[in-house]
Amino acid sequence: MRICSTNEATDEENKKKMEGLNQKIATVKALNNNKTLFLSSDDVANGLTNILPLCKGAKVMFKKNLNVSRGLVNGSIGMIWGLTNDYVPMTPVCNTWYRSGVLCSRIQLPLVVCWACTIHKSQGLTLSFMMLDAGKSEFALGLLYVALSRVPDIESLCLVVSLTLDRLNSVRKSKQFVSNVQYIIG
């Protein structure tokens, strides 16, 4: 799996991989309770996307727990084996939230295409192999550590962008780190 530092890099990689399958791509559109919700981000809708491209062979990740006893849990990765109009063995879910005092809802399959994902989405995963595109810098303390800790050993890691020791140690220079150390030490 490829882990990327930005949503844009992740989207581009997933699009490229899906197009490379040479399969007909179906577009699963979410049901929103009003037209302005189409502009709402996936994050606001608790991970449910407005438009979900799917095709046979697509690698996907669950965004919700659907059936814990069968391993269909948030963060699980699988593959689409086929698409049919008559039967979908997965039930769409409904998420609700408030926007400007208006109750909003979105109904969608709780999936995201996942040949690549962001460092944030990779949290909690253990990967047997990872290509890490860490970008030029971190926008949050500890992101690089989260990314590097997804694989069990260094042989399972391929860096797309080289990392310097200075960059790895940059967390020690952050205001948050210095503040935490001062608090702990007293």
Item checked: Residues Ser69, Asn67; criterion side chain to side chain donor-acceptor pair (under 3.5 Å); working and verdict -> CA-CA 6 Å; Ser69 65; Asn67 189 329; 2.8 Å; yes

Checklist line | Cluster link Ile3 to Leu159, ILVMFWY, side chain under 4.5 Å | finding: yes

Next item on the list: Report yes or no: do Leu48 and Ile107 belong to one cluster of Ile/Leu/Val/Met/Phe/Trp/Tyr joined by side chain heavy-atom distances under 4.5 Å?
Entry: no

Notebook entry, point to check: Cluster question for you: counting only ILVMFWY and a side-chain heavy-atom cut-off of under 4.5 Å, with indirect links fine, are Ile119 and Leu168 together?
Noted result: yes

Next item on the list: Quick one: pull up CE in Met130 and CE in Met1 and give me the separation to the nearest 0.5 Å.
Entry: 10.5 Å

Check: Is a salt bridge present between Glu13 and Lys16, judged by a nitrogen-to-oxygen distance below 4.0 Å?
Finding: yes

Margin query: Could you check whether any side-chain heavy atom of Arg2 comes within less than 4.5 Å of a side-chain heavy atom of Val160, counting everything from C-beta outward?
Written below: yes

Item checked: Asn65 side chain vs Val73 backbone, donor-acceptor pair below 3.5 Å -> no

Notebook entry, point to check: Can you check whether Leu52's main-chain N or O pairs, donor with acceptor, with Thr49's side chain at less than 3.5 Å?
Noted result: no

Next item on the list: Might you confirm whether atom NZ of Lys59 has over 12 heavy atoms from other residues, nucleotides or ligands at distances under 6.0 Å?
Entry: yes

Item checked: CG-CG distance between Asn33 and Leu103, expressed to the nearest 0.5 angstrom -> 6.5 Å

Next item on the list: Give a yes or no on whether the backbone of Cys117 and the side-chain of Asn7 come within a donor-acceptor separation of less than 3.5 Å.
Entry: no

Note to self: Let me check something: do Leu109 and Leu31 share a hydrophobic cluster, defined by ILVMFWY side-chain heavy atoms less than 4.5 Å apart, either directly or through other members?
What the structure shows: no

